[in-house]
Trainee: 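Following this message is one structure expressed as structure tokens.
Below, read A as the first sequence line, B as the second, and so on, with proteins coming before strands; counting in each chain starts at 1. Atoms considered below: every heavy atom in the structure, side chains included; atoms not considered: hydrogens, waters and symmetry mates.
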Amino acid sequence: MKDVAKEANVATSTVSRVIRNNAKISEATSNKVKAAMSKLGYIPNQAARTLITNKTMTIGLIQKSSTPEIRQNPFNSDVLNGINQACNVRGYSTRMTVSENSRDLYHEVKTMIQSKSADGFILLYSLKDDPIEHLLYEFKVPYLIIGKSLNYENIIHIDNNNIDAAYQLTQYLYHLGHRHILFLQESGHYAVTEDRTVGFKQYCDNVKLSNDCIVIKSMNDLRDCIKQYCIDASHTPSVIITSDAMLNMQLLNVLYEYQLRIPEDVQTATFNTSFLTENATPSQTSVNINPDVLGLTAGNTIIDVLRNETISFREKLISTQIIERVSTTKI
DNA sequence: CGCGGTTTGCGGTCAATGCA
DNA sequence: TGCATTGACCGCAAACCGCG
């Protein structure tokens with residue numbers, strides 16, 4: 001700033017005012033300063049700005065764990081992409097947690113809060129009685145949740161209506177003629193999974209369809225389940241829904257092992273449209289929950305909060321769409 | 001009153017200094 | 001020698017102030 005001021009023949013404060021878009025600077029002076037900045041290639045120093053503003057211009061992103069299963073889920077990277085887009089446009093950067101287990105994660109987040117490494121946080125999951133959310137709440141740090149708000153009143157959260165999305169998907173499959181549907185859900189008691197199960201059951205009850213929901217914890221679970229329901233049973237399901245695309249990928253492998261053809265022998269549908277579902281063999285009918293929009297909305301909203309702008313909602317629901325693909329085509 | 005210069009202090013590190 | 005204290009320093013924002 002000193003160099004720029006010298007180059008433009010003004011005081012450093014004048015340079016500061018031009019950068020901050022402060023009023024009461026004549027256009028002539030402003031232009032003079034901008035010319036000097038561009039001549040010298042000057043970029044403001046964020047570390048120095050943090051010193052005086054006490055703002056890091058960083059958003060902390062908390063993911064439930066940093067295991068490959070979660071990191072490599074396209075849903076995750078799509079959400080992060082949305083968040084980063086919002087942050088990039090509005091001058092913020094992001095910092096994500098890397099811990100793989102909840103104890104480490106707790107300390108990582110605590111350090112981030114206490115060292116003032118971020119101005120606000122986005123929780124990328126929602127969990128009942130989550131110690132990490134308690135931490136954010138106790139320290140009075142601005143945060144919002146992608147998913148349901150389960151622990152405190154009036155916490156801003158960005159979500160899909162997963163009950164409705166599952167209901168719609170089941171209805172869609174019913175209209176295709178399916179009368180025996182198997183629903184496979186991931187383990188872990190996360191709200192999304194539970195809601196998708198609820199929506200599925202609701203529609204089945206409505207039309208008096210018998211239904212089975214199985215919790216899958218491992219690849220062996222999955223093999224046992226398919227053997228039991230699709231090989232050994234007399235009345236096999238005509239379609240299998242998976243609560244997430246990663247589980248869907250594993251299912252495709254198991255069906256291949258048992259030489260069950262999709263869509264001829266059994267059909268499949270899943271939640272979370274992505275590159276994976278588009279390019280699977282065959283391409284998978286899936287529910288697009290628009291993770292990029294979830295991320296973009298979350299990013300923009302937390303920045304609004306940090307800028308003390310009034311937020312008109314506590315809950316924002318992002319729409320979902322069923323994407324029809326080969327896995328549920330009529331034969 | 002518009003404009004812009006002077007000065008201070010943000011939070012932490014590190015070297016110099018003071019004191020027992 | 002070992003410890004505590006002080007002050008310079010980083011780049012910037014803004015309170016404060018003065019000129020015309």
Trainee: Charged N to carboxylate O below 4.0 Å: is that the case for A:Asp130 and A:Lys64?
Mentor: no
Trainee: Side chains of A:Ser243 and A:Glu186: donor-acceptor distance under 3.5 Å anywhere?
Mentor: yes
Trainee: Please determine whether a side-chain nitrogen or oxygen atom of A:Ser13 lies at a distance below 4.0 Å from atom OP1 or OP2 of B:dG5.
Mentor: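 Indeed not, no polar side-chain atom of A:Ser13 lies that close.
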Trainee: Atom CG of A:Asn9 and atom C1' of B:dC3: how far apart are they, to the nearest Å?
Mentor: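 Distance check: A:Asn9 CG to B:dC3 C1' gives 16 Å.
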Trainee: Is the shortest distance from a Lys or Arg side-chain nitrogen in A:Arg325 or A:Glu278 to a carboxylate oxygen in the other one below 4.0 Å?
Mentor: yes
Trainee: Between B:dG4 atom P and A:Glu27 atom CD, what is the distance in whole Å?
Mentor: 12 Å
Trainee: Can you measure A:Gln114 atom CD to B:dG12 atom P for me and round it to whole angstrom units?
Mentor: 12 Å
Trainee: State which of B:dC3, B:dG5, B:dC10 makes the closest approach to the side chain of A:Arg17.
Mentor: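 For the A:Arg17 side chain, the nearest candidate turns out to be B:dG5.
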Trainee: Quick one: how far along DNA chain C does chain A reach, first to last nucleotide 5' to 3', anything under 4.0 Å to a heavy atom?
Mentor: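 The protein-touched segment is C:dG11 to C:dC16.
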Trainee: Which part of the nucleic acid, if any, lies within contact of A:Val15, taking any heavy atom under 4.0 Å across all strands shown: a base, the sugar-phosphate backbone alone, or nothing?
Mentor: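 Here A:Val15 touches no strand at all.
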Trainee: Both A:Thr53 and A:Ser30 contact DNA chain B. Which one's nearest nucleotide lies toward the 5' end?
Mentor: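 Nearest-nucleotide comparison on DNA chain B picks A:Ser30.
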Trainee: Determine the minimum heavy-atom distance between A:Leu222 and A:Leu251, stating which atoms define it.
Mentor: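 So the minimum-distance heavy-atom pair works out to CD2-N, 3.6 Å.
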Trainee: Given the side-chain rings of A:Tyr174 and A:Tyr203, with only the six-membered ring counted for Trp, is the space between their centroids under 6.0 Å?
Mentor: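 Close enough - the centres of the two rings lie under 6.0 Å apart.
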Trainee: Could you tell me whether A:Tyr256 atom OH has more than 12 heavy atoms of other residues or ligands within 6.0 Å of it?
Mentor: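 Counting neighbours around OH of A:Tyr256, 12 or fewer heavy atoms of other residues, nucleotides or ligands fall under 6.0 Å, so no.
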